Amino acid sequence: ALIITIVFYMRVTGDYSERTRLQLELEQKDAEISNRINIIRNIATKVAEGDYTVRVDDKQSDALGTVAGSLNSMARSLDESFKLLSDKEWLQTGLTNLNNVMIGEKEIETLSAEVIATIASYTESSSGALYLLEGKDLRRSGGYAFAIERSRDSIKFSEGLLGQSVTSGKPVELKEIPDESVTISFATGAVKPKHVIAIPIYDGYSIKGAMELATATSFNKRQLEFLTAAAPNIGIAISTSQNRRRLQELLEETQAQSE
């Protein structure tokens, strides 16, 4: 009877130990699963709130294993997609605002001033100037936040960034301009910028002029895309205004002759 009791006790003790071990393993697994669910829930919540920059850190990655890479890839893809949509929306909004400014029968001087002010403000430029082609010269027609100097009223067709952009038919950029530089002159005058860009303006057929903008920081990709996309619209508006003025002058001349 004693031997049977001892054997029974050992068996019960062994069963209890095994049950305890299994219980601890189950509790550990449950804690790990709960931790994983909480991590995934937190990331999903941030993504749902529009925070696409959220990522699984190294500590969380150890808990999630290969799922961490998938979550990071998803968040990264969403971040890139929504950034692209945001940039497109920003571009379209800017073009719409610009087109609204150019609506109506405006004199070329008024049109030029409003256009360069709108462009410079939307791209957060420090200063800007719009020059129109007159013969072999580029003559300033509008400016934004820069010191007016008579020496910059007119620029030769082939001189400076404006001249290069008109001659090449492409945007011309100048970056990281030293503060101590005194050999480079800009249409935008006294400002010491870090980034200057000149954009040629076409109406679809011929060159109408160019605009030059400067910033104390640096133009980003979407700002440069906006400037390039806006140039043809500006060219058409300028051409329309110039043609309207020529027609008005012709009518006045004809009327004067008939009298």
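All heavy atoms count here, side chains included; hydrogens, waters and symmetry mates do not. In this text, all values refer to a predicted model and were calculated from it rather than measured experimentally.
Residue pairs meeting the salt bridge (Lys or Arg N to Asp or Glu O under 4.0 Å) criterion with at least one member in residues 233-244, sequence neighbours excluded, do not occur. The salt bridge (Lys or Arg N to Asp or Glu O under 4.0 Å) pairs that include a residue from residues 110-124 are Lys106-Glu114, where partners are two or more places apart or lie in different chains. Residue pairs meeting the side chain to side chain donor-acceptor pair (under 3.5 Å) criterion with at least one member in residues 224-238, sequence neighbours excluded: Asn99-Asn233.
Asp87 pairs by the salt bridge (charged side-chain N to carboxylate O under 4.0 Å, His left out) definition with Lys83, Arg222, not counting sequence neighbours. Glu109 is linked by a salt bridge (charged side-chain N to carboxylate O under 4.0 Å, His left out) to Arg245, counting only residues two or more places apart in sequence or in another chain. Considering only residues two or more places apart in sequence or on other chains, Tyr202 meets the ring-ring contact (aromatic ring centres under 6.0 Å, His included) condition with none of them.
Following chains of ILVMFWY side-chain contacts shorter than 4.5 Å, one can reach Met102 starting from Tyr122, so the two form part of one hydrophobic cluster. Follow the hydrophobic side-chain contacts under 4.5 Å out from Leu91 and you never reach Val101; the two are in separate clusters. By the rule that hydrophobic residues join a cluster once side-chain heavy atoms approach within less than 4.5 Å of another member, Ile236 and Tyr131 end up as members of separate clusters.
Using bins of under 30°, 30° to 60° and over 60° for the plane-to-plane angle, the ring pair Trp90/Phe226 lands in the perpendicular bin.
Atoms OG and CE, on Ser112 and Met211 in that order, are 11.5 Å from each other to the nearest 0.5 Å.
The closest donor-acceptor contact from the side chain of Ser165 to the backbone of Leu162 lies under 3.5 Å.
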